[in-house]
Amino acid sequence: VGIKLNKGSDLLNIICLDTETTGLNHYDDEILQLSIIDGSGAILFSEYVKPVHHECWTDAEKVNHISPSMVKGCKPLLYYAHTIQRILENADMIVGYNIHGFDLPFIFNSGIEYHAKENSIVVDVMLAFAPIYGDYNERYGNYKWKSLSICADYYGYEFNAHDSLED
């Protein structure tokens, strides 16, 4: 994300966000970690949060390595609702990987309200990367979505996947 684009005489407020969760269902599962950075890479928000309805998440823990003991003393996500809303609502551009189908639905289904800034946009890098990678699916007539790890590898970027601040 590390860029700022001119919007008239102002700079665009670009943010990038990612979540780690108790599972894949944005209606039933909960956020365990949320990180938001700005266009220059400065951390605006990065917290582990305690889920309200889940006491364990064995399958997700195997992937994101976030254990119940890691979040036991953390505050619930809604404790930070005002801060998160302010960051989202001030953004001209929100960027993320699978943000449309995953991160934003988790955030909004958790009770965080969002009133988009006029002319703001959401950029889902996963959707943009699919045709660049070029793995076309004849059956469905579109490009296959690829993981963040495959995208990072494609561009020669090394990171520790499944930590929202790293992702």
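These numbers come from a predicted model, not from an experiment. Below, all heavy atoms of this structure are taken into account, side chains as well, without hydrogens, waters or symmetry copies. The chain is numbered in sequence order, starting from 1.
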* Structure fact -> Output for pair (Ile94 CD1, Leu104 CG), nearest 0.5 Å, gives 6.0 Å
* So which pairs with a foot in residues 72-123 pass ring-ring contact (aromatic ring centres under 6.0 Å, His included), sequence neighbours left out? -> Phe45-Tyr80, Phe102-Phe106, Phe108-Tyr114
* Apply the test side-chain hydrogen bond (donor to acceptor under 3.5 Å, both in side chains) to residues Thr19 and Thr21: give CA-CA distance (whole Å), side-chain angles for both, the deciding distance (0.1 Å), then the verdict. => CA-CA 6 Å; Thr19 60; Thr21 64; 5.7 Å; no
* To do: Determine yes or no for a side-chain-to-main-chain donor-acceptor pair under 3.5 angstrom, with Lys50 supplying the side chain and Lys75 the backbone.
  => no
* Measure the NE2-CD distance between His162 and Gln33 for me, rounded to the nearest 0.5 Å. => 12.0 Å
* Work out which heavy atom in His54 is nearest to a heavy atom in Asp29; give both atom names and the distance. => NE2-OD1, 3.4 Å
* Asked: Quick one: CD1 on Ile37 to CD1 on Ile14, what's the gap to the nearest 0.5 Å?
  -> 11.0 Å
* What is the minimum heavy-atom distance between Leu77 and Ser110, and which atoms define it? -> CD2-OG, 3.2 Å
* Asked: Got Leu34 and Glu47 here, is their nearest side-chain heavy-atom distance under 4.5 Å?
  -> no
* **For Ser67 against Ser69, the heavy-atom pair lying closest together** => OG-OG, 2.9 Å
* What are the two closest heavy atoms between Asp18 and Asp163, and how far apart are they? -> OD2-O, 4.4 Å
* To do: Any side-chain hydrogen bond (donor to acceptor under 3.5 Å, both in side chains) involving residues 139-153? Give me the pairs, sequence neighbours left out, ordered by first then second residue.
  => Asp135-Lys146
* Structure fact -> Note: Asp167 and Ala161 closest approach over all heavy atoms is OD1-CA, 3.4 Å
* Asked: Would you find a donor on one side and an acceptor on the other, under 3.5 Å apart, between the side chain of Tyr136 and the backbone of Gly141?
  -> yes
* Asked: Quick check: does any side chain N or O of Glu166 sit under 3.5 Å from a backbone N or O of Asn160, one acting as donor and the other as acceptor?
  -> yes
* To do: Ignoring hydrogens and angles, tell me if any N or O in the side chain of Asn109 forms a donor-acceptor pair with the backbone of His26 under 3.5 Å.
  => yes
* Side-chain contact, heavy-atom cut-off 4.5 Å: Ile99 with Val122? -> yes
* Residue Ile150 excluded, over 12 heavy atoms near CD1 under 6.0 Å -> yes
* Structure fact -> Interatomic distance, OG@Ser35 vs CG@Asp103, rounded to 0.5 Å, equals 10.5 Å
* Roughly how far apart are Ser164 OG and Asn64 CG, rounded to 0.5 Å? -> 9.5 Å
* **Test item: Leu44 and Thr83 side chains (from C-beta on) under 4.5 Å apart, heavy atoms** => no
* Do you know which two heavy atoms are closest between Gln85 and Glu113, and how far apart they sit? -> CG-O, 2.9 Å
* Asked: Under a 4.5 Å cut-off applied to non-hydrogen side-chain atoms, are Leu17 and Ile107 in contact?
  -> yes
* **Shared hydrophobic cluster for Leu24 and Val63 (ILVMFWY, side-chain gaps under 4.5 Å)** => no
* Asked: Atom CD1 of Ile36 and atom SG of Cys16: how far apart are they, to the nearest 0.5 Å?
  -> 10.0 Å
* Compare all side-chain heavy atoms of Pro76 with those of Val49 and state whether any distance is below 4.5 angstrom. => no
* Asked: Apart from Ile66 itself, which Ile, Leu, Val, Met, Phe, Trp or Tyr residues share its cluster (side-chain heavy atoms under 4.5 Å, direct or through members)?
  -> Leu32, Tyr48, Trp57, Met70, Val71
* Asked: Do the non-hydrogen side-chain atoms of Lys117 and Asp92 ever get within less than 4.5 Å of each other?
  -> yes
* To do: Tell me, yes or no, whether the heavy-atom count around Tyr27 atom OH, taken from other residues, nucleotides or ligands under 6.0 Å, exceeds 12.
  => no
